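Remember, it's a predicted structure, so these values are computed and weren't measured experimentally. Lettering of chains follows the sequences in order, A, B, ..., and the numbering in each one begins at 1.
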Amino acid sequence: MARVNSPKELEGLRQQILSERDPNKPCIAICAGIGCLACGAAKVVTVFKQEVEKQGLKLDVDIKETGCPGFCERGPIVVIYPEEICYLQVQPEDVPEIISQTIKEKKVIDRLLYIDPTTGEKSTYESEIPFYKNQHRLLIGQNIKIDPRSIDDYIALGGYKALAKALCAMTPEQVMEEVDKANLRGRGGGGFPAGAKWKTTRDAPGEPKYVIVNADEGDPGAFMDRSLLEGNPHSVIEGLVIGAYAIGSHEGFVYVRQEYPLAVENINIAIKQAGEYGLLGKNILGSGFDFVIDVHRGAGAFVSGESSALMTAIEGRVGEPRPKYIRTAVSGVWDKPSNLNNVETWANVPLIIDRGADWFRSIGTEGSKGTKIFSLVGKVNNTGLVEVPMGVTLRSIIYDIGGGIPGGKKFKAVQTGGPSGGMIPEQYLDASVDFDELTKLDSMMGSGGMIVMDEDTCVVDVARYFIDFLCDESCGKCVPCREGLKHMREILNDIVGGRGKQGDIELLEGLSRVMKKASLCALGQTAPNPVLTTINYFRDEYEAHIEEKRCPALVCKELISYHIDPDKCKACMICGRECPVSAISGGKGLIHIIDQEKCTRCGTCFDVCPTRFRAVKKISGEPVPAPVPEAERVLVRGNK
Amino acid sequence: MSEVTLEIDGKEVKAEEGTTVLEAAKGAGIDIPTLCYHPALSPFGSCRLCMVEITSKGRKRLVTSCNYPVEEGLVVATKSPDVIEVRKGIIELLLARCPNVELIQNLAKEYGVEEPPYKPGDEDEKCILCGLCARMCEERMGASVINFVDRGVDRRVETPFQGTGDKDLDVCRACGACAFVCPTGAITLEDITGKTPEPILSEFDEGLATRAPVYVPFAQAVPNVPVIDKEQCVHFTTGKCKTCEEFCAPRAIDFEQEDEVIEVEVGNIIVATGFDLFDPSVIQQYGYGRLDNVLTSLEFERMVNSAGPTEGHIVLKDGSEPGSIGLIHCVGSRDEQYHEYCSRVCCMYSMKFAHLIKEHTSADVYEFYIDIRSFGKGYEEFYNRMLEEGTVFIRGKPAEVTNIAETPEEEGKLIVQFEDTLVGRQRRLPVDMVVLSCGLEPSRDVEEVARLFNISRSADGFFLEKHPKLDPVATMTDGIFIAGCCQGPKDIPDTVAQASAAAAEALSMISRGTVEIEAATAVIDESLCTGCQLCKILCPYSAISFDEEKRVCRVNEALCKGCGVCVGGCPSDAINLSHYTNEQILAQMEGALS
Ligand SMILES: Cc1cc2nc3c(=O)[nH]c(=O)nc-3n(C[C@H](O)[C@H](O)[C@H](O)COP(=O)(O)O)c2cc1C
Ligand code: SF4
Ligand code: SF4
Ligand code: SF4
Ligand code: FES
Ligand code: FES
């Protein structure tokens, strides 16, 4: 690859790439993101390649493996260009038909389209699918259009134009000014204004200065940063170089967790390619600015995402937060000024430079500008990645984009901000999603995890889950966090296990206060959030667990029992067969009875009892009805 | 460094910029509890006990004082309600973790925490995970042996690579610094390493006491300041530590300091390099070094000294007082196998020991002697006094000291096997302690010193005086005098007398201001000298030197005694004695014969 030595040469390169590409040549883009790969996308790609060859179309069709466009729920996803026909859940068997019908005949295969579950309406194009229609996909929208291993794909779409503009037409101060004016706030959790942080690093004494991408992403269920790094690594690199230019840094790190092998691979390829074009290294685009990037693989600890822990890890030590009152922006890696931003924060930078701060400010709310990617998971119809402008309501994300709660269940709460966030109940569904509003509700934006829970979710149990996660993921350095979490877990285990005592709630509250005030890093300071918000919004459920030994959501094993309604049992014998501990006595024509002593409350009988009978009942907080007397067990079949 | 003024608990406090709030509070006598802080280690901020409430730029918040830097105008409250709540909360958590650690129990008492509201943990748990051990080992000892393993609630302290046998990893030196710094006694060295600590033995206390690598060599040392033992000092061996520097308030520790060689030009030198004590371990049958409670006289000397390792108490290895002590004279002296000469001081110092033992203890004392040589002024009288004090004198040199008992009475004792020559009987005497009255011998480096000053040595190895009767302090080299035991064993009065004489001789030379040289000195004819340097080797007064440039030998007339050895030795006949040339001698001979 020839070096690109000026913005003009970059534009020349772009034109050349475009001229070599026929916009009308059919292109099959297959999502090779992690979700789709898990659904068999790799096989689909292979079959597409074979089939194209078999049908003699090898030279007439392009096949592209792309990053994740977000609708992982329906993977593997295939988009056919130039028409942009979007097929969902494509299986290898569908491939020959797609080639023969859609590619050759230009016919749409209805069966593979998105069908609205409520209206039954079909959507042919990505843009028509409600999941996408209600989003504003500035960042992940590109993913399905480019092969992340091809820098040319990125350049063809105008990539590195912002870098050229920043380096060659703007001073570092102007770049800083623009980002500051855009009021870009950190997407990694705290929402700290990026411009202000950059300034601090730039003005801090000490050389060299470092810029760092935080791709540690340890929240359970979150994969926004992963999909950006895997699907569009150049956007992150471009942002990082622009930031480095503004800050006056010549060395950057990408801290990415080892568990993201594809992200590690793609970012490394991207760095290599950018280097070959001279978009990294010495004298970038002839501007005289030098910059190199080093990829640091993290050992996969949630706490390593915390800024000082991450920097300690980059130094090659155990990723533990440091007890420093000097900000890392002033004294970070090897005590040098180090500016750390989240993947998504960096990816926003090229957009701001390219289209201007005013454009960016036009999106979002007063205090929170731009879009935010959420990883929408849990009890919601359309799980996946969603990117929305700041300020949309929780309701809109969960219902309009997420398609509501499956199985006609009732919404109960949504956890935002990962383990450090809180649970927001139904009454706040219309709250707008931005940094400040979520904080007001005692939760937080976090890095964008969003877990939806329905009425079958026990909030005490969920709080316990997060605390359990944090018990393992805290570094264990400081007393309030380590010991506090340990006892918090114990108390919660007691409550869900039916051993809760009067005063436990108050004890949890008091302990939370100490942890919040005394913990060394934000992990410990925010760790009580899931507990505090659930106590705050669902205190009655805690009380039910403690006082009545009842789990209102019928989840906590120790507090529930299964029994068979004698009036409904049809002696089909399925449950008896399936029960793993043979706790069900029955037999042909006999009403089945669960032996409460033997029952482990695994719920198998409940699940397997045919829906038309629904004879197995789950109860909590009430005595199990006495079994039918032996004499009455023989089933009297109805009028048949 | 500039000074800042802050307010702590309403008190105005001045502190140096760059120091911490904790240090400032300490300086002002305000107590803040800490657990993970140590002045010699980097702040860790893990226990959170030292939290204080600060008001900075109008904002109130809790910070850990052990690492929060002082600021101008900072307002600090160390006992605000918030601080107390947090501190109590932490103590409750720690008490639940370590219910039986006294340090925590005391804190709990102080803060009115009775029972923690949480389930108490393992009652044997002692570690509060303060990390002092790990930091000590890494930052100061440079070993990084002990550290945390695992994370979250499973975090614990371990030495993961010890006992693996891998030389690069199994690096614990058993220095014990971790156990020393641990505030709760959670570490025992045996748990950490199979290696046993090797204490540094005090040279001055004859190995009866240990010393630190930084130490004052002995009481009343001149100058009376500590020195660093570079071989043992962790800083000099690993580049780390420097803890002493941290604690030395006047900042007097200087690791850059080097030994200095100072050149002084003098006209006279008095050599008083002393002696070494005979090492009795070579007399294997006496069991020194093998049997407990067999001591050398010098070891015993340290022991009875009130400034010594036992503060003057005469004790056995197990700490108990001996009931009987045997003193064996002439160890290494008057013995053909070792030194034939009499060391002259042992009889008297042994009797001094007998006296001191009687004074300090109720032990029986036995002196095993060949002859009692109490020749000095008042010495015989002292001997008689010892006899009166009840010291038992046994004439006979013991053959063996053993711990192999033959009778029940001998069990657990040291048995001295000897011939009582006055009765002519072989006997065994069980005692608790044996002191070997070792002789004096020339010091180890006697040969080097002799060469350096060109002093001859007598057959016993001590320096040879010019004349035993007529010039007992001078040597064959003018201006070099000897005094004390380097010349031969002697006691203190004799040493003082000889030293005074040496000083007087030196002074007389100094006051004369000039030296008389021999009239007849050797002269080298440079045109004949081949530079073979044979003369240089032959000259007993080191008066000949070699001129590297001209490659000929030269005679220093001030040193030449005119003995003529070189004249006869020169193979080229290049040397003549002035006023006494070969020609003159030949002429004399011819004259005499004609
Ligand atoms: C326990 C913990 C984990 C964190 N994990 C991440 C993470 O995985 N990714 C991330 O970008 N920020 C994470 N953060 C936030 C970072 O500390 C830091 O604020 C952020 O990377 C700064 O970038 P931003 O300003 O662009 O958001 C975490 C913080 C804490 C306390
Ligand atoms: S004893 Fe071993 S583990 Fe302890 S400080 Fe010394 S070297 Fe480290
Ligand atoms: S062993 Fe002692 S010094 Fe080490 S962390 Fe535990 S309590 Fe602290
Ligand atoms: S002498 Fe000083 S530097 Fe050396 S080990 Fe001791 S305290 Fe450390
Ligand atoms: S991985 Fe394919 S849509 Fe997310
Ligand atoms: S002493 Fe400050 S945190 Fe432990």
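- In this structure, chain B has a heavy atom under 4.5 Å from the side chain of Arg489(A), while its backbone stays farther away.
- At a heavy-atom separation below 4.5 angstrom, chain B is approached by Cys471(A), Asp472(A), Glu473(A), Ser474(A), Cys475(A), Gly476(A), Lys477(A), Cys478(A), Val479(A) within residues 469-479 of chain A.
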Worked verdict on Asp442(A) versus Thr533(A) for side-chain hydrogen bond (donor to acceptor under 3.5 Å, both in side chains): CA-CA 7 Å; Asp442(A) 291 332; Thr533(A) 48; over 6 Å; no
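- Side-chain contact between Asp150(B) and Arg155(B) is absent, with no heavy atoms from C-beta onward closer than 4.5 Å.
- The aromatic rings of Trp334(A) and Phe253(A) sit tilted relative to each other, their planes meeting at an angle between 30° and 60°.
- Put simply, OG on Ser420(A) and CG on Asp219(A) are 6.5 Å apart, with the number rounded to the nearest 0.5 Å.
- Glu53(B) places none of its side-chain heavy atoms less than 4.5 Å from the side chain of Val86(B).
- Of the listed residues (Arg151(B), Glu85(B), Met51(B)), the one with the most heavy-atom contacts under 4.5 Å to chain A is Arg151(B).
- Interatomic distance, CG of Leu95(B) versus CZ of Arg97(B), reported as 12.5 Å (0.5 Å rounding).
- Separation of atoms CD1 (Ile314(A)) and OH (Tyr255(A)) is listed at 7.5 Å; rounding is to 0.5 Å.
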Salt bridge (Lys or Arg N to Asp or Glu O under 4.0 Å) evaluation trace for Arg226(A) with Glu217(A): CA-CA 8 Å; Arg226(A) 174 184 204 162; Glu217(A) 199 167 51; over 6 Å; no
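- How far CD of Glu547(A) is from NE2 of His545(A): 12.5 Å, rounded to the nearest 0.5 Å.
- Residues from residues 302-313 of chain A never place a non-hydrogen atom less than 4.5 Å from a non-hydrogen atom of chain B.
- By a heavy-atom distance cut of under 4.5 Å, Leu511(A), Arg513(A), Val514(A), Lys517(A), Ala518(A), Ser519(A), Leu520(A) are the residues of residues 511-527 of chain A near chain B, going up by number.
- For the pair Phe180(B)/Leu132(B), no side-chain contact is recorded, criterion being any heavy-atom separation below 4.5 Å from C-beta on.
- Taking 4.5 Å as the heavy-atom cut-off, the residues of residues 98-122 of chain B that approach chain A are Pro117(B), Tyr118(B), Lys119(B), ordered by number.
- When each of Ile90(B), Leu62(B), Val63(B) is scored by its heavy-atom pairs under 4.5 Å with chain A, the top score falls to Val63(B).
- Here the closest heavy-atom approach between residue Ala40(B) and residue Thr243(B) is recorded as CB-CG2, 3.6 Å.
- In this structure, the separation between CG on Asn339(A) and CZ on Arg327(A) is 11.5 Å, given to the nearest 0.5 Å.
- Using modelled atom types and a 3.5 Å distance limit, the side chains of Tyr210(A) and Thr201(A) yield no donor-acceptor pair.
- Closest heavy-atom contact between Pro220(A) and Phe466(A): CG-CE2, 4.3 Å.
- Looking at Asp504(A), there are no atoms closer than 4.5 Å to chain B (heavy atoms on both sides), in backbone or side chain.
- Using a 4.5 Å cut-off between heavy atoms, Leu49(B) does not touch chain A at all.
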